[in-house]
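One-based numbering along the sequence shown.
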Amino acid sequence: MILENAVALSKKGINPEFTCMRIKYRSCPMCSSPAFTKAGEYSCVDHHVYSPELPSTISWMKCDECGHVFTDGYFTKEALEIIFRKTQSFQTPGSATAEGRSVWGPVVSMISAMRGWNYSGSWLDVGFGSGALVAAAVEFGYQAAGIDLREQSVSAMATMGYEVYAASLGQIGQAESFDVMSMADVLEHTPFPGDELKHANRLLKPGGHLFVSTPNMECVVWKLWDMANNNPYWREMEHCHNFSRESLYALLRRNGFEPVRFEISNRYAACMDVVSVKK
C-alpha cells in the first residue's frame, strides 16, 4: 500500500517523501511545470494555530512557467489534525453573528440578482467557517447546506439547526445538485485547487453560479504590505497558494467556469470576490 501510494503521488507530480509534515510539490500545482524557484521564507510561529510539532517557517515558490506562487509543499493528514485542534475566533459558529449577517447578506443578494432575483434553490457553502453565509442564504429562502473539516464547527452549526457535514467536496456524490456554490477563503487552502474546482463543476447544475473569495496578491494593499515587509499572507500557515485576478480567472476557465463579476471583498484586506457561471 505504501508503494502504491508513492507511485500515485509521483504520477501526480508530488514528492512522496514527507518532510517537516509537508508533502513536497514536484511540479507547479497550477500548470504542472517542474521549473520553479524559491520566492521567500517566513516565520509562522506567531500564527494562531501554530504548534511546536509543526514547521516554524513557510517557504514560498514561484513557477518559472506560469508565475503562480505556492508553498513548497502542503500539510500531511497528521499535520492537519494538529492544525484543526484550534480554530480562530472569527471562524467559530456564533461569533460576531450580527457582523457576519451584515457582511454576507449583500453577497447573497448580489448572487440572487444575477440569478434574476431568484432567492430559491439549493446552495452549498464549502468550508463554512463561522456559518454566517449558510445562515444568510437560509434567511433569504435558499435550501442551504455547508461542509467543513473542523468537526467542532459542524457540531456547533448542527446544534443551531443548520444542515452541515464534516466532509470534503470530493466526498459529495450527488452530481449537478446545486444552483449556487460558495468557496470563500477555500482555494488558497487547497493543495490542488484545480481538483477542487472540478468537484464544484460536477456538483453545480448547468448555468449554476460559483462564488469564490481569495486574497489578491496584485492589489495595492498587498504591494504596500510587501514594501513595508509586513504582509501577513506570507505568514499564513494554512494557505498553499497566492492568487492574482489573472491567475484565478485562468484557473476557473480551465475547469469549466466563466468569471462574470469581480468585486473587492469587504471582509478581509487585500481580498477579491469573483462570481463565475458553469459553462
Contact between [X] and [Y] at the side-chain level, heavy atoms closer than 4.5 Å - yes or no?
X      : Y      : answer
Cys28  : Glu65  : no
Tyr25  : Asp72  : no
Lys24  : Tyr74  : no
Ile264 : Met272 : no
Glu196 : Phe192 : no
Met157 : Phe128 : yes
Arg245 : Phe262 : yes
Trp60  : Tyr42  : yes

Hey, what do you get for [atom1] ([X]) to [atom2] ([Y]), rounding to the nearest 0.5 Å?
X      : Y      : atom1 : atom2 : answer
Asp185 : Cys271 : CG    : SG    : 6.0 Å
Ser130 : Arg101 : OG    : CZ    : 14.0 Å
Ile83  : Glu78  : CD1   : CD    : 11.5 Å
Leu124 : Glu163 : CG    : CD    : 9.0 Å
Gln174 : Arg202 : CD    : CZ    : 8.5 Å
Leu80  : Arg150 : CG    : CZ    : 9.5 Å

Minimum heavy-atom separation for [X] and [Y], please, with both atom names.
X      : Y      : value
Gly146 : Val134 : CA-CG2, 4.1 Å
Asp125 : Ser182 : OD1-OG, 2.7 Å
Ser177 : Ser122 : O-OG, 2.9 Å
Cys63  : Cys31  : SG-SG, 3.6 Å
Ala144 : Val138 : CB-CG2, 3.7 Å
Pro193 : His241 : CD-NE2, 3.3 Å

Linked, directly or transitively: [X] and [Y] (ILVMFWY side chains, under 4.5 Å):
X      : Y      : result
Val186 : Leu252 : yes
Val180 : Val108 : yes
Tyr142 : Met114 : yes
Leu197 : Met30  : yes
Leu251 : Leu210 : yes

| message | Assess the residue pair Asn201 and Leu203 against the criterion (side chain to side chain contact (heavy atoms under 4.5 Å, CB included)); give the C-alpha distance rounded to whole Å, side-chain angles, the decisive distance to 0.1 Å, and a yes or no. | response | CA-CA 5 Å; Asn201 189 285; Leu203 293 169; over 6 Å; no
| Could you go step by step and tell me if Ile172 and Tyr165 meet the side chain to side chain contact (heavy atoms under 4.5 Å, CB included) rule? | CA-CA 10 Å; Ile172 300 177; Tyr165 304 94; over 6 Å; no
State whether the number of non-hydrogen atoms from other residues, nucleotides or ligands found under 6.0 Å of [X] atom [atom1] is greater than 12.
X      : atom1 : value
Gln143 : CD    : no
Glu246 : CD    : no
Lys62  : NZ    : no

Under a 3.5 Å cutoff, is there a donor and acceptor pairing between the side chains of [X] and [Y]?
X      : Y      : answer
Glu188 : Thr214 : yes
Asp226 : Asn231 : yes
Ser112 : Ser109 : no
Asp148 : Ser153 : no
Trp222 : Asn242 : no

| field | side chain to side chain contact (heavy atoms under 4.5 Å, CB included) partner of Phe257, the single match among Val275, Leu204, Val212 | value | Leu204
| remark: Exactly one candidate in Trp234, Tyr233, Trp225 meets side chain to side chain contact (heavy atoms under 4.5 Å, CB included) with Met217; the answer is Trp234
| field | Backbone N/O of His239 and side chain of His189: donor-acceptor pair under 3.5 Å | value | no
| said: Treating Ser155 as the side-chain partner and Glu151 as the backbone partner, does any N or O pair qualify as donor plus acceptor under 3.5 Å? | reply: no
| request: Using a strict 4.0 Å threshold on nitrogen-to-oxygen distance, state whether Glu176 and Lys278 make a salt bridge. | output: yes
| said: Run the salt bridge (charged side-chain N to carboxylate O under 4.0 Å, His left out) test on Glu53 and Arg85 for me, step by step, so that the C-alpha distance in whole Å, both residues' side-chain angles and the decisive distance to 0.1 Å come before the verdict. | reply: CA-CA 13 Å; Glu53 306 100 303; Arg85 291 174 191 166; 3.4 Å; yes
| said: Checking Ser56 against Tyr50 for the side chain to side chain contact (heavy atoms under 4.5 Å, CB included) test, could you report, in this order, the C-alpha distance in whole Å, the side-chain angles of both residues, the deciding distance, and whether it holds? | reply: CA-CA 8 Å; Ser56 61; Tyr50 175 77; 3.8 Å; yes
| query | Do Arg22 and Thr76 pass the side chain to side chain contact (heavy atoms under 4.5 Å, CB included) test, and can you show the C-alpha distance, the side-chain angles, and the key distance before you say yes or no? | reply | CA-CA 5 Å; Arg22 283 186 184 268; Thr76 64; 5.9 Å; no
| message | Measuring centre to centre across the rings, with the benzene-like ring taken for any Trp, is His68 within less than 6.0 Å of Phe243? | response | yes
| Parallel under 30°, tilted from 30 to 60°, perpendicular over 60°: which one fits the rings of Trp117 and Tyr119? |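 Trp117 and Tyr119: tilted rings.
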| message | salt bridge (charged side-chain N to carboxylate O under 4.0 Å, His left out), that's the test. Do Glu263 and Arg261 meet it? Break it down for me. | response | CA-CA 7 Å; Glu263 297 284 346; Arg261 182 159 182 158; 2.8 Å; yes
